Amino acid sequence: MSVHSDPRPTSETVASGAVTRVDLDIIADLVAPGSRVLDVGCGDGALLELLQRRRQVDGRGVELSQAGVNECVARGLSVIQGDADRDLVHYPDDSFDYVILSQTIQATRNPKTVLAELLRIGKRAIVSFPNFGHVSIRASLMLRGRMPVTKNLPQAWYDTPNIHFCTIRDFVELANEIGATVETAEAINATGQKMAMTMPWAFWNLFGQQAVFVLRR
């Protein structure tokens, strides 16, 4: 769950008359209709609301910030306050069909433990995150010698809630390390478009601004 108010806004598109992040649209398309879903770090509840509307899921949420919980409850969503780093251990094995961690893993204190917990709690885990290996970030570090501030990473280094930046290749290595299988993966470029599945990881790692992974045990 988010350990910040809302670091998640990036690429956006218009869906059903409302502004929706591109990665949320992709996640919604990956979830089977009628599934049991837990959204960890659900923020203001935008994804849960989208999943209930589009996929008719039985959705639950966990959010660290009280302001986020209040917004979710105001939307009529079933959300409790909690911390991904501490509270996922209280959920039984296979409690949900999908456990989602959207634009939040980089803000957790123990990403490896959190990811393992997602896969214990859910039959599948869906994780989206900003790619710190994107060409614009590499260029900023090489040419300016400074930590980048971008649309995906809008806060300065001293003010960001993100404490564990990773690249797409880093995430793939982490999934392998905990014995997870990558069932589906999507990379999103700077214009908000999905990149071709036939592209190698190295290409995604260079030009993918965000990534969405579906993992299973």
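Note that the numbering runs from 1 along the sequence shown for the chain. Quantities reported herein were computed from a predicted structural model and do not represent experimental measurements.
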Look up atom [atom1] in [X] and atom [atom2] in [Y], then write down how far apart they are to the nearest 0.5 Å.
X    : Y    : atom1 : atom2 : result
I188 : Q210 : CD1   : CD    : 4.5 Å
S102 : L24  : OG    : CG    : 5.0 Å
T113 : R86  : OG1   : CZ    : 14.0 Å
C42  : I80  : SG    : CD1   : 9.5 Å
N176 : F171 : CG    : CZ    : 10.5 Å
R169 : L206 : CZ    : CG    : 10.5 Å

Quick check: does any side chain N or O of [X] sit under 3.5 Å from a backbone N or O of [Y], one acting as donor and the other as acceptor?
X    : Y    : answer
S136 : H134 : no
R55  : L30  : no
S128 : Q103 : yes

Q: Carefully, step by step, assess T108 and Q106 under the rule side-chain hydrogen bond (donor to acceptor under 3.5 Å, both in side chains).
A: CA-CA 6 Å; T108 62; Q106 72 280 357; over 6 Å; no
Measure the shortest side-chain to side-chain distance between [X] and [Y] over non-hydrogen atoms and say whether it is less than 4.5 angstrom.
X    : Y    : result
L119 : L215 : yes
Q81  : E63  : no
D87  : V62  : no
V127 : V212 : no
I121 : L88  : yes

Any idea which heavy atoms bring [X] and [Y] closest together, and the distance?
X    : Y    : value
D85  : R109 : OD2-N, 2.9 Å
C72  : G43  : SG-O, 3.3 Å
A28  : L50  : CB-CD2, 3.8 Å
G192 : V22  : O-CG1, 3.4 Å
F129 : T167 : CE1-O, 4.0 Å
I168 : N205 : N-OD1, 3.0 Å

With [X] via side-chain contact (heavy atoms from CB on, under 4.5 Å) - residues at least two apart:
X    : answer
M195 : A187, N189, F203, W204, F207
D29  : R54
R60  : L38, D58, S78, F96
A32  : S35, Y98

Q. Listed by chain and number, what are the salt bridge (charged side-chain N to carboxylate O under 4.0 Å, His left out) partners of R217, not counting sequence neighbours?
A.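 Residues passing salt bridge (charged side-chain N to carboxylate O under 4.0 Å, His left out) with R217: D94.
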(Q) Can you list everything that forms a salt bridge (charged side-chain N to carboxylate O under 4.0 Å, His left out) with D97? Sequence neighbours excluded, please. (A)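 Scan of D97 (salt bridge (charged side-chain N to carboxylate O under 4.0 Å, His left out), adjacent residues dropped) gives R36, K123.
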Q) Between V214 and V182, does a side chain to side chain contact (heavy atoms under 4.5 Å, CB included) hold up when you go through it step by step? A) CA-CA 6 Å; V214 180; V182 177; over 6 Å; no
Under the side chain to side chain donor-acceptor pair (under 3.5 Å) test, residues paired with [X] that sit two or more places apart:
X    : answer
E71  : none
K112 : E177
E183 : R124, R216
E49  : R75

**Q.** Stepwise side chain to side chain contact (heavy atoms under 4.5 Å, CB included) check, T104 with V40
**A.** CA-CA 8 Å; T104 301; V40 179; 6.0 Å; no
Q: Check which hydrophobic residues are tied to V73 through side-chain heavy-atom contacts below 4.5 Å, counting indirect links as well, and list them.
A: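 Listed partners: L48, V69, L77, V79.
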Q.
For residues 189-214, which residue pairs pass the salt bridge (charged side-chain N to carboxylate O under 4.0 Å, His left out) check, not counting sequence neighbours?
A.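 Qualifying pairs, neighbours excluded: E186-K194.
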